[in-house]
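Below: the structure, in structure tokens.
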There are 2 protein chains.
Amino acid sequence: MTKVRPGENPAERPRAAVMEDVAELAGVSAMTVSRVLNAPEKVRPETRARVLAAVRELDYRPNSAARVLVTGRSGVLGVVCFDTTLYGPASTLFGIEQAARDSDYLVSIASLPALNRRWITRGIDRLRSQSVDGVIVVAPHESAAEGLRNLPPGLPVVDVGGGSDLPVPVAAVDQSAGAARATRHLLSLGHRTVWHLSGPPNWIDANGRVAGWRSALEAEGREVPEPLVGDWTAHSGYEIGKRLAREPDVTAIFVANDHMAMGVLRALREAGRRVPEDVSVVGFDDVPEAAYFWPPLTTVRQNFGEVGRQAFQLLLDRIAGAEGEARRMVEPELVVRESTGVSP
Amino acid sequence: MTKVRPGENPAERPRAAVMEDVAELAGVSAMTVSRVLNAPEKVRPETRARVLAAVRELDYRPNSAARVLVTGRSGVLGVVCFDTTLYGPASTLFGIEQAARDSDYLVSIASLPALNRRWITRGIDRLRSQSVDGVIVVAPHESAAEGLRNLPPGLPVVDVGGGSDLPVPVAAVDQSAGAARATRHLLSLGHRTVWHLSGPPNWIDANGRVAGWRSALEAEGREVPEPLVGDWTAHSGYEIGKRLAREPDVTAIFVANDHMAMGVLRALREAGRRVPEDVSVVGFDDVPEAAYFWPPLTTVRQNFGEVGRQAFQLLLDRIAGAEGEARRMVEPELVVRESTGVSP
DNA sequence: AGGGTCGCTGTTATCGCAAACACTCAGGAA
DNA sequence: TTCCTGAGTGTTTGCGATAACAGCGACCCT
């Protein structure tokens, strides 16, 4: 006998099946259906088979809202991010999503209209209101730190790319090591020193690359020129590149990302300075196109996918109750192409 | 009097406040609290003020799972997508997310390990199991169509970039128009005909660009060369570009995206063919770096953000009960830079 | 005075599921 | 036999919110 619920017209499209419907069809109680789905070993195989057959026949799907209500777990994790059209954040997000998919988690995203403490807090709140099990913050900016200082208690949070003084676990590429590697590569080619075109102020990655570059120069006792500051865009690379091109001293430039490096390459060429004969250029990121720049760009590859996976793993640990701080550093890799050569 | 729930130790961190707690503090019933939050005009201003004060004092946040359970609405929409590291999909996703944020929707994403019917269906199922209010599919591939043929009834679905024969509303850039515009631009510069390096087979955008290119050539009675097929990467553009560079006939190339165009530019240069003096090149997308290619790339700009917004709007309409098909076409724009010039 | 209507608030039932506990029955130990 | 044990299943309850309806003054109308 099929109950017709009050207000339900049997002629209309039938409601989606619920656990009780499955139970009835299989001749068991709803609880047994629940067990088949959540702890199959506790149900006798024959019963289990009957239930599963009923599940298939009715195309039953558990209602996650009901399950969340009673268990407190949603199987959804949140990602707070800034601009997902930038190569780095987009790749990280992709890595997180893939790792999450493999563990049957779903990812909700909250993008921010601006990078500051208030918006980050709002983003986390927005996600929390949807009962996410945890949050990964991809906002590689100093202001993220403030936003992570007082988090709602009980919400697992992991940061990507953040500094070392954060009160939450962090997964990141070792920016400083990558920058140092790039700088040493240039020095090893005989350049007296290396100029730097950095990312915008207060971006963690930008700071890390400046630090690595500076320490590599200082370690060798080289002069440390004042870094120039861009905004990650090819446009800014071009504008600042024009200035650098006018300085005959400048024979080696470490640029904080590939897109800016592209602008620099163009500015140098327009100024008649050959790369790498007159000036060597190194980028950062290794975007897929970097090998097709003119000339092909020597750069530092970041494995964003791996960072995403590590961040997800840290979050899982946290959700499972792990305490304390944790850092997962991913090592970047120098990729030497044709934009670097011996000092003229 | 504050009830201590069974199993609760008053010394521990207190549970998050629920509606009943707010009601008690404000001296009203839970129902009144609910009304203050969902239909404030139905509550006397003084009462409302007391309730809101209690909400703030307890930092009360509604439990969305409970609300979903009873209303059937989650305030979450799902996006099914393939590779969010590609510029187009990433930008579209970003547009959707921004539009959603402005309307207090949250976005969950389900990325696909491969583009085919089965995975698309799975992605939609994964989202559906989280009670999303609707789904936007960003999978510009023929196989998406099959995946959209038999959808679960009752789930609003909108497609981005799909063909005209889909059973769901579609928001898209008019690829064909953009390609035709690019082709006509080249013809107007005096080129006898225009070669085409297309995207991979069965990608909707790739097909649309081929169609637009072909029709523009045919409209002027020009010879239509066999299109060459790439895979969107700069690498493939370079490899195929080397072949094109060997053909002296080739004076104008319409490339299906900017990254491949970058590879083509490099191949031409290496072969000693000057751009635009010997060969003109047009791309598609207008990635932010296109203006800094060497030479700066003439290309067709797609407003992905707008597409995302339109798709979101279509989905809102659908959720609100709108029926029937609908298409929102966004017009692309030709951006002329220095990679195109008069026929040699 | 009697009886609406209206504005505001409270009571009860319900959404779909799982935790906790209760029950049944077979098989083995005492 | 009697009791115990434990595997397998059922019953009850409650998660936190909203829908539907009921109650109750105040006010107006006739």
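Proteins get letters first, then strands, A, B, ... in listed order; numbering begins at 1 in each.
- In this structure, A:D21 places its CG atom 13 Å from C1' of C:dC15, rounding to the nearest Å.
- D:dG14 atom P lies 14 Å from atom CD of B:E20, rounded to whole Å.
- A:L77 places a side-chain heavy atom less than 4.5 Å from the side chain of A:V79.
- The existence of a salt bridge linking B:R128 and B:D125 is confirmed by a sub-4.0 Å separation between a basic side-chain nitrogen and an acidic carboxylate oxygen.
- For B:L69, the side-chain atoms get nearest to D:dG16 when compared with the rest of D:dT18, D:dG16, D:dA17.
- The shortest distance between side-chain heavy atoms of B:R101 and A:P113 falls below 4.5 Å.
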Between the protein and nucleotides 7-10 of chain C, are there any N/O to N/O pairs under 3.5 Å, and if so, what are the atom names and distances?
residue: C:dT9; atom: OP1; partner: B:R44; partner atom: NH2; Å: 3.3
residue: C:dT9; atom: OP1; partner: B:T47; partner atom: OG1; Å: 2.4
residue: C:dT9; atom: OP2; partner: B:R44; partner atom: N; Å: 3.0
residue: C:dG10; atom: OP2; partner: B:S29; partner atom: N; Å: 2.9
residue: C:dG10; atom: OP2; partner: B:S29; partner atom: OG; Å: 3.0
residue: C:dG10; atom: OP2; partner: B:T32; partner atom: OG1; Å: 2.6
residue: C:dG10; atom: N7; partner: B:R35; partner atom: NH2; Å: 2.8
residue: C:dG10; atom: O6; partner: B:R35; partner atom: NH1; Å: 3.3

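- What separates CE of A:M19 from P of D:dT13 is a distance of 20 Å, to the nearest Å.
- Annotation: side chain of B:L25 is not in contact with side chain of B:Y60 (no heavy-atom distance under 4.5 Å).
- More than 12 heavy-atom neighbours from other residues, nucleotides or ligands sit within 6.0 angstrom of CD on B:E46.
- Whole-Å rounding puts the B:R67 CZ to C:dG16 P distance at 18 Å.
- For the pair B:N38 CG and D:dA17 P, the computed distance is 11 Å after rounding to whole Å.
- Between A:R149 and A:D165, at least one side-chain N (NZ, or NE/NH1/NH2) sits under 4.0 Å from a carboxylate O, which counts as a salt bridge.
- The CD atom of A:E24 sits 13 Å away from the P atom of D:dG10 (whole-angstrom rounding).
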